[in-house]
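Chain letters run A, B, ... following the sequence lines, proteins first, then strands; residues in each count from 1. Computed from a predicted model, the values in this text were never measured in an experiment.
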Number of protein chains: 2
Amino acid sequence: MDALDRSPESLGVLIKETQSLLNQRMDDRLRPLALSVPQYACLTALQDTPGITSSELARRAFVSRQSMNVLLQGLEKRGLVTRSSDPGPRRERSVVLNDAAELLLERAHEEVSSVVQRMTMEVELVERARLYELLARCRDALLIP
Amino acid sequence: MDALDRSPESLGVLIKETQSLLNQRMDDRLRPLALSVPQYACLTALQDTPGITSSELARRAFVSRQSMNVLLQGLEKRGLVTRSSDPGPRRERSVVLNDAAELLLERAHEEVSSVVQRMTMEVELVERARLYELLARCRDALLIP
DNA sequence: GAGTGTGTGTCAAACTATTGACATGGATGC
DNA sequence: GCATCCATGTCAATAGTTTGACACACACTC
């Protein structure tokens, strides 16, 4: 009955499976909005903390700052974000959302929210919090290099 | 106290964070063995079910069969796997592990196992099973397209 | 003040992965 | 039998990502 007893690593592949499927489902929902998952993550982080720098954005998305840069260029060309051409204290250019992005995010959040809701459909509210707490403990244990 | 109440989507980013960190830590440990995480996953799947086909391997690793093909070519050049040049019933070429791969996997499994062990360090055994069960329910809910 | 270190932005090259397309060999329909 | 459909393997082109490198700006130490 227990896959964990046979091989403890299976929790790792389960995390990978779940993340991969979640990514796939989100991509299905975001494609009609012409948004990729990394783009959505970027815009959301930008909404949470406006004026954030590109490098910090990259760190939160777990990608290199070069990748985040080309991603931002695409968003800038579409008029979703604007980067201050004026250099900051550390040669950094702050990025902010545009009105079009706020509007687009409203729909995107609904789509993503419905996917997450479906994911946790079979998990009661109390257990949902428990799952979050246990998984957060796993993440924190991996934070130190 | 509860991030889930404020935004239910945070479970999604938590899964992403945990998976990304786990991937990073595994990569750190596997690099000395000259193995990438996808390569390790491929070899492990090959160990679990020998003679598997390349396409099936790709499905389990959540990548396209073209990617798995180039990955296999690299492993074949290193003498870790051998693909039967003799075409199977459906024009498929079965892949099997080499002795060198079995030897390499022994060390790799130890490394990965230690990473997973560290990840679940702060979670008691009983709760570990609970976490697995809850997360599996989430994965299953996403299985249907 | 000079030197060192860290963080940011950007360029180029290399690598990895996906998409699209095609031929082949079986299976399944009639 | 024949047509259709599904699955595999492979090729080419494209997109996305990482690695390595450099310049610049600030903070820190001595």
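Across residues 30-56 of chain A, A:Thr53, A:Ser54, A:Ser55 each have a non-hydrogen atom less than 4.0 Å from an atom of DNA chain C (numbered order). Contacts of residues 69-78 of chain B with DNA chain C (heavy atom under 4.0 Å): none.
For residues 10-24 of chain B, the set of pairs meeting the salt bridge (Lys or Arg N to Asp or Glu O under 4.0 Å) definition, not counting sequence neighbours, comprises A:Arg139-B:Glu17. Annotation: salt bridge (Lys or Arg N to Asp or Glu O under 4.0 Å) contacts involving residues 109-118 of chain A, sequence neighbours excluded, comprise A:Arg29-A:Glu111. For the ring-ring contact (aromatic ring centres under 6.0 Å, His included) condition, the pairs that include at least one residue of residues 25-47 of chain B, sequence neighbours left out, are B:Tyr40-B:His109. Each ring-ring contact (aromatic ring centres under 6.0 Å, His included) pair with one or both residues in residues 56-86 of chain A, not counting sequence neighbours, would appear here, but there are none.
Per the geometry, CZ belonging to B:Arg60 stands 12 Å off P belonging to D:dT8, to the nearest Å. The distance between atom CD of A:Glu92 and atom C1' of D:dA25, rounded to the nearest whole Å, is 10 Å. Straight-line distance from the CE atom of A:Met68 to the P atom of C:dG9: 11 Å, rounded to whole Å. If you measure from atom CG of A:Asn23 to atom P of C:dA17, you get 15 Å, rounded to the nearest angstrom. Rounded to whole Å, the distance from CG on B:Asp27 to C1' on C:dT16 is 13 Å. As a whole-Å value, the separation of B:Arg65 CZ from C:dA21 P is 13 Å.
Within the structure, a side-chain polar atom (N or O) of B:Ser67 is placed less than 4.0 Å from OP1 or OP2 of C:dT18. An OP1 or OP2 oxygen of C:dT8 is reached within less than 4.0 angstrom by a side-chain nitrogen or oxygen of A:Arg59. In this model, the phosphate group of C:dT8 is not approached by any side-chain N or O of A:Arg83 to a distance below 4.0 Å at OP1 or OP2.
The backbone N or O of B:Val123 sits nowhere less than 3.5 Å from a side-chain atom of A:Arg137 that would complete a donor-acceptor pair.
Every residue two or more places apart in sequence or in another chain was checked for a salt bridge (Lys or Arg N to Asp or Glu O under 4.0 Å) with B:Asp140, and none qualifies. Scored by the salt bridge (Lys or Arg N to Asp or Glu O under 4.0 Å) test, A:Glu102 finds no partners at all (sequence neighbours excluded). Under the salt bridge (Lys or Arg N to Asp or Glu O under 4.0 Å) criterion, B:Arg107 pairs with no residue, sequence neighbours left out. Residues satisfying the side chain to side chain contact (heavy atoms under 4.5 Å, CB included) criterion with B:Ser94, sequence neighbours excluded, are B:Ser84.
Between the side chain of A:Gln66 and the base of D:dG20, at least one donor-acceptor pair of N or O atoms lies under 3.5 Å.
Fit an axis to the five pairs at each end of the helix from C:dG1-D:dC30 to C:dC30-D:dG1 and the two axes sit 40° apart, to the nearest 10 degrees.
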Contacts table for residues 65-74 of chain A: side-chain donor-acceptor under 3.5 angstrom, sequence neighbours left out:
{"unit_1": "A:Ser67", "atom_1": "OG", "unit_2": "A:Ser64", "atom_2": "OG", "d": "3.0"}
{"unit_1": "A:Asn69", "atom_1": "OD1", "unit_2": "A:Arg83", "atom_2": "NH1", "d": "2.8"}

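In the displayed structure, A:Asp48 atom CG is contacted under 6.0 Å by more than 12 heavy atoms of other residues, nucleotides or ligands.
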